[in-house]
Amino acid sequence: MLTIHAAAEVRYVWDDPEPVKDGAVAVEGARIAAVGPLAELAERFPAARVRRWPGVLGPARVHEGPLPHAPTPRERIHAVLKLGAVAVLEEHAGSPALRAAAERNDVVVLARTRPTALVELGRADLAVLDDDGVCVATVCAGRLVHRRR
């Protein structure tokens with residue numbers, strides 16, 4: 001099912017000097033189908049479900065430090081997702097249990113950090129941040145994996 005994630009502001013990259021006001025990201029499966037103004041995407045994809053988010057929508061993050069402490073590897077990976085990140089560095093996820101938990105949750109394990117961006121046909125990894133930079137929602141490979149209540 002195609003889903004349009006919409007917010008008052010969408011940034012292709014987090015330091016984007018010209019964010020899309022009243023923007024949206026159309027997600028089909030694990031890929032980004034389109035990025036642009038909500039009105040245009042709603043017209044282009046009339047049957048899509050629309051999720052409206054408070055805050056700023058942009059690319060999901062790479063978690064660059066040690067994984068948060070939690071009782072199990074699965075919970076440690078979920079703690080990263082709650083931060084708006086869908087990738088971790090292998091130096092911090094080196095144990096077989098952590099790697100397995102990351103793989104089961106579509107969290108990417110990277111040799112080194114890399115820039116993130118919203119790209120058509122790219123993997124649908126999104127984060128929504130509130131005015132204080134706190135994660136409101138995380139989409140990992142097209143799946144909503146965290147929503148702050």
Side-chain angles (χ1 to χ4, degrees), residues 1-16 19-20 22-64 67-68 70 72-130 133-149:
M1 166 181 251
L2 198 123
T3 301
I4 295 174
H5 295 273
E9 187 174 293
V10 171
R11 296 182 182 192
Y12 285 91
V13 295
W14 282 109
D15 59 354
D16 196 339
V20 179
D22 296 317
V25 179
V27 173
E28 187 164 28
R31 299 284 168 197
I32 294 174
V35 180
L38 174 57
E40 289 179 19
L41 295 189
E43 185 176 314
R44 184 172 163 194
F45 304 105
R49 169 181 56 188
V50 177
R51 287 185 184 240
R52 296 180 190 273
W53 299 108
V56 179
L57 175 64
R61 301 168 165 175
V62 175
H63 186 77
E64 296 181 23
L67 276 59
T72 67
R74 178 184 170 277
E75 290 171 289
R76 292 181 77 187
I77 293 298
H78 279 266
V80 168
L81 294 169
K82 289 179 182 179
L83 297 172
V86 298
V88 297
L89 298 180
E90 69 182 355
E91 68 186 271
H92 301 295
S95 79
L98 278 173
R99 283 182 172 272
E103 184 176 321
R104 279 191 305 275
N105 289 280
D106 289 322
V107 171
V108 178
V109 178
L110 301 171
R112 62 189 165 283
T113 192
R114 61 165 169 71
T116 60
L118 299 179
V119 179
E120 283 191 25
L121 302 179
R123 191 171 121 140
D125 292 335
L126 315 173
V128 181
L129 306 181
D130 68 13
V134 176
C135 184
V136 173
T138 307
V139 174
C140 180
R143 293 181 303 113
L144 180 63
V145 294
H146 165 68
R147 175 179 37 214
R148 186 174 72 194
R149 302 266 176 207

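All of these numbers come straight from a predicted model, not from anything done at the bench.
The structure places OG1 of T113 at 12.0 Å from CZ of R61, a figure rounded to the nearest 0.5 Å. Between E28 atom CD and T3 atom OG1 the span is 9.5 Å, to the nearest 0.5 Å. Atom CG of residue L57 and atom CZ of residue R51 lie 12.5 Å apart, to the nearest 0.5 angstrom. The CG atom of L129 sits 12.5 Å away from the CH2 atom of W53 when rounded to the nearest 0.5 Å.
Here the side chains of V119 and I32 are not in contact, with every heavy-atom distance at 4.5 Å or above. Using a 4.5 Å cut-off on side-chain heavy atoms (C-beta onward), N105 and V145 make no contact. Put simply, the side chain of H5 does not reach to within 4.5 Å of the side chain of V128, judged on heavy atoms. The closest side-chain heavy-atom distance from L118 to P59 is below 4.5 Å. Put simply, the side chain of L38 reaches to within 4.5 Å of the side chain of R52, judged on heavy atoms.
Within 6.0 Å of the CZ atom in R148, the count of heavy atoms belonging to other residues, nucleotides or ligands exceeds 12. More than 12 heavy atoms of other residues, nucleotides or ligands shown are found within 6.0 angstrom of CD on E75.
Minimum interatomic distance between L67 and L98 (heavy atoms only, all atoms of both residues): CD2-CD2, 3.9 Å. Looking at every heavy atom in both residues, R76 comes nearest to P68 through NE-O, 3.1 Å. When all heavy atoms of A33 and F45 are compared, the pair lying nearest together is CB-CZ, 4.1 Å. In terms of heavy atoms, A7 sits closest to G55 at CB-O, 3.5 Å.
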Show me the side-chain donor-acceptor pairs of residues 80-91 shorter than 3.5 Å, one per line, residues at least two apart or across chains.
unit_1: E90; atom_1: OE1; unit_2: R99; atom_2: NH2; d: 3.2

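For H146, the side-chain hydrogen bond (donor to acceptor under 3.5 Å, both in side chains) criterion is met by no residue, not counting sequence neighbours.
When each of V27, T116, V10 is tested with L126 by the rule side-chain contact (heavy atoms from CB on, under 4.5 Å), just one qualifies, namely V27.
The list of side-chain hydrogen bond (donor to acceptor under 3.5 Å, both in side chains) pairs with a residue in residues 119-128, not counting sequence neighbours, reads R123-D125.
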